[in-house]
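Just below is one structure, and these are the notes that go with it.
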Amino acid sequence: MEIAVECQKRAEGSKPNALRRSGLIPAVLYGHQGSESLALTIPAKAVETLLKQRVVNNVLIDLNIPEISWKGKTLLREVQRHPWKGFPYHLSFFAVGSQDSLEVELSLHFVGESVGVKLGGGILDTVMTQLAVKCKPDSIPDAIEVDISNLNVGDALHIHELVLPAGVVAIGEPNQVVVSVLGTQTGSENDSEAATPAA
């Protein structure tokens with residue numbers, strides 16, 4: 001999935017709060033020209049639409065800045081929000097055109113029905129819902145599918161056991177548990193009650 005966003009170069013001396021009151025959200029672009037950064041503004045409505053698509057650090061965004069004739073692929077690395085009102089008040093983009101590989105966070109989609117849950121009365125425990133990976137900028141998957149069909153009660157899947165798309169490498173501790181099937185205590189409680197003599 002790729003998304004296109006148009007922004008404008010921020011006027012020198014403009015005040016962030018004044019920009020927000022006028023319906024513009026301050027932003028910054030890194031990596032487009034070495035270590036230089038570029039101050040931008042984006043219409044608040046465009047930001048609202050963008051963030052509804054859950055694009056932080058995992059979706060390529062085609063950023064267009066007509067004033068300086070710059071257009072390129074970026075990642076939205078950070079969204080700063082108002083401490084108590086929650087609305088976004090600053091965005092940070094990172095240009096990826098010159099990068100051989102990127103570190104991104106992908107959602108984990110659990111597919112299938114665990115045999116331990118279906119037949120054994122177990123409880124599915126999703127320890128992780130996102131996975132940090134490294135891949136090429138033009139090969140970012142939408143998500144990582146995790147097949148849980150063969151998990152029985154007491155079983156677990158670890159990061160190193162995940163089936164990843166070609167060219168995608170997981171980052172993090174290989175033995176970290178991603179998902180497991182927990183047993184219930186009902187059976188042992190019933191057994192213990194049955195073993196206790198009636199008063």
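Small disclaimer: the values here were computed from a predicted structure and weren't measured.
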Would you mind reporting whether [Y] and [X] have side-chain heavy atoms less than 4.5 Å apart?
X    : Y    : result
V179 : L124 : yes
Q130 : S107 : yes
I68  : K9   : yes
I140 : L106 : yes
W70  : L63  : yes
I148 : V117 : no
P16  : Y89  : no
D147 : V163 : no

Does [X] reach the main-chain N or O of [Y] with its side chain, forming a donor-acceptor pair under 3.5 Å?
X    : Y    : value
S149 : G112 : no
Q176 : E173 : no
S14  : A11  : yes
R10  : P26  : no

Tell me the closest heavy-atom pair linking [X] and [Y], and the distance in Å.
X    : Y    : result
K73  : D62  : NZ-OD1, 3.1 Å
T184 : G121 : CG2-O, 3.1 Å
P43  : E6   : CD-O, 4.2 Å
L76  : S92  : CD1-O, 3.4 Å
E105 : N58  : O-CB, 2.7 Å
C135 : P141 : SG-CD, 4.4 Å

Working to the nearest 0.5 Å, report the span between [atom1] of [X] and [atom2] of [Y].
X    : Y    : atom1 : atom2 : answer
L24  : Q8   : CG    : CD    : 6.5 Å
I159 : N175 : CD1   : CG    : 9.0 Å
S180 : N152 : OG    : CG    : 12.5 Å
L50  : K45  : CG    : NZ    : 16.0 Å
L102 : K136 : CG    : NZ    : 12.0 Å
L157 : S114 : CG    : OG    : 9.5 Å

Under 30°, 30 to 60°, or over 60°: which ring-plane class applies to H82 and W84, parallel, tilted or perpendicular?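 Because their plane-to-plane angle is over 60°, the rings of H82 and W84 count as perpendicular.
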E145 CD: over 12 foreign heavy atoms closer than 6.0 Å: no
State whether the number of non-hydrogen atoms from other residues, nucleotides or ligands found under 6.0 Å of N150 atom CG is greater than 12.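 Incorrect, the count does not exceed 12.
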Test side-chain contact (heavy atoms from CB on, under 4.5 Å) on N57 and R77 and set out the steps. CA-CA 5 Å; N57 210 31; R77 283 299 196 192; 2.2 Å; yes
Examine [X] and [Y] and state if one hydrophobic cluster contains both, with Ile, Leu, Val, Met, Phe, Trp and Tyr joined whenever side-chain heavy atoms are less than 4.5 Å apart.
X    : Y    : answer
L40  : I25  : yes
L51  : I3   : yes
V115 : V178 : no
I42  : L19  : no
V127 : V153 : yes

Given side-chain contact (heavy atoms from CB on, under 4.5 Å), test I65 with L29 step by step and report yes or no. CA-CA 10 Å; I65 312 169; L29 172 65; 4.0 Å; yes
side-chain contact (heavy atoms from CB on, under 4.5 Å) evaluation trace for L164 with I144: CA-CA 7 Å; L164 302 177; I144 300 293; 3.9 Å; yes
Passing candidate, side-chain contact (heavy atoms from CB on, under 4.5 Å) with F93, options I61, L75, V28, L38: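 That would be I61.
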